[in-house]
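Just so you know, these numbers use all the heavy atoms, side chains as well, and skip hydrogens, waters and symmetry mates. Sequence positions, counted from 1, serve as the residue numbers for this chain.
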Amino acid sequence: MRALVQRVSRAAVRVEGATVGQIDQGLVALVGVHGDDDEDDAAYVAEKIANLRIFSDEEGKMNHSVLQSGGQVLVVSQFTLYADTRKGRRPSFVEAARPEHADPLVDRVCEHLGDLGVATQSGVFGARMEVDLTNDGPVTILIESKERT
């Protein structure tokens, strides 16, 4: 599982013009699911998102997590994080999980975040979404569940 996490001062996601998720200060997590991912990957990614120390402390150092800063997380499914661009000009997405496998795992990331105490909003899986965000920093971090040690 991959999560591209961006620190934001605000973010919203719309489907067909209607806002379906919106946060103030916090994180946007674009989440892609690999065909081999499972519940452990979802739990790992959620724990990493909740505890990444990328918010400023009193001295301006990145020392606080979204939990400590009182921020929120907006989770947006993003199968294109598994694009393979090594050949040709058209990306291949064969490593991305099929929707029936990916959808429940993205939901599990949201559930795990909630269980950890993070207020979480989300987009609509499989929908064409418009994501509007204001990067804070910018700070962008890539989390990959298969590269944990």
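Remark: the backbone N or O of M1 is paired with a side-chain donor or acceptor of Y82 at under 3.5 angstrom. Without hydrogens or angle criteria, R14 side chain to E130 main chain gives no donor-acceptor distance under 3.5 Å. Using a distance-only test at 3.5 Å, with no hydrogens or angles considered, a donor-acceptor pair links the side chain of Q72 to the main chain of D24. Remark: the backbone N or O of E59 is paired with a side-chain donor or acceptor of D57 at under 3.5 angstrom.
Counting non-hydrogen atoms of other residues, nucleotides and ligands closer than 6.0 Å to CD of E100 gives a total above 12.
Among all heavy-atom pairs drawn from Q25 and S69, the shortest one is NE2-OG, 3.4 Å. Heavy atoms only, all atoms of each residue included: L113 and A46 are closest at CD2-O, 3.4 Å. Heavy atoms only, all atoms of each residue included: A42 and R108 are closest at CB-CB, 3.9 Å. Of all heavy-atom pairs spanning A50 and V66, the tightest one is O-CG1, 3.6 Å. Taking all atoms of both residues into account, the shortest heavy-atom contact from V45 to A3 is CG1-CB, 3.7 Å. Summarising the geometry of P91 relative to T85, their closest heavy-atom pair is CB-CG2, 4.2 Å, with the distance given to 0.1 Å.
Note: R2 CZ to Q78 CD = 12.0 Å, rounded to the nearest 0.5 Å. Rounding to the nearest 0.5 angstrom, the gap separating the NZ atom in K61 from the OG atom in S56 is 11.5 Å. Put simply, SG on C110 and CG on D115 are 11.0 Å apart, with the number rounded to the nearest 0.5 Å. Between the CG atom in L30 and the CG atom in L74 there is a gap of 8.5 Å [rounded to 0.5 Å]. Atom CZ of residue R98 and atom CZ of residue F79 lie 10.5 Å apart, to the nearest 0.5 angstrom.
Counting only heavy atoms from C-beta outward, the side chains of I143 and V5 approach each other to under 4.5 Å. Side chains of K146 and D37 form a contact here, defined as non-hydrogen atoms less than 4.5 Å apart. Between T140 and L4 there is a side-chain heavy-atom pair separated by less than 4.5 Å. By the 4.5 Å heavy-atom criterion applied to side chains, L67 and N51 are counted as neighbours. Using a 4.5 Å heavy-atom threshold, the side chains of F55 and L27 count as touching. You'll find the side chain of F93 reaches within 4.5 Å of the side chain of T80, heavy atoms only. Considering only heavy atoms from C-beta on, H34 stays 4.5 Å or farther from S145 through its side chain. When side chains are defined from C-beta on, H112 counts as touching E39, because their heavy atoms get closer than 4.5 Å.
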Steps toward side-chain contact (heavy atoms from CB on, under 4.5 Å) verdict (M129, V20): CA-CA 9 Å; M129 294 177 272; V20 296; 5.7 Å; no
Test side-chain contact (heavy atoms from CB on, under 4.5 Å) applied to R10 and D132, step by step: CA-CA 8 Å; R10 63 165 193 78; D132 180 30; 3.2 Å; yes
Worked check of side-chain contact (heavy atoms from CB on, under 4.5 Å) between E58 and H64: CA-CA 10 Å; E58 303 77 30; H64 289 251; 3.9 Å; yes
side-chain contact (heavy atoms from CB on, under 4.5 Å) between D41 and L105, intermediate numbers included: CA-CA 8 Å; D41 294 288; L105 288 176; over 6 Å; no
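Hydrophobic clustering (ILVMFWY, side-chain heavy atoms < 4.5 Å, transitive): V76 and V33 are in distinct clusters. Put simply, L116 and L52 are part of two different groups of oily side chains (I, L, V, M, F, W, Y) that touch within less than 4.5 Å, one to the next. Grouping the Ile, Leu, Val, Met, Phe, Trp and Tyr side chains by contacts below 4.5 angstrom, directly or via other members, places I49 with V106. Put simply, L81 and V131 are part of the same group of oily side chains (I, L, V, M, F, W, Y) that touch within less than 4.5 Å, one to the next. The hydrophobic cluster containing V28 does not contain V109, counting ILVMFWY residues as joined when their side-chain heavy atoms lie under 4.5 angstrom apart, directly or transitively.
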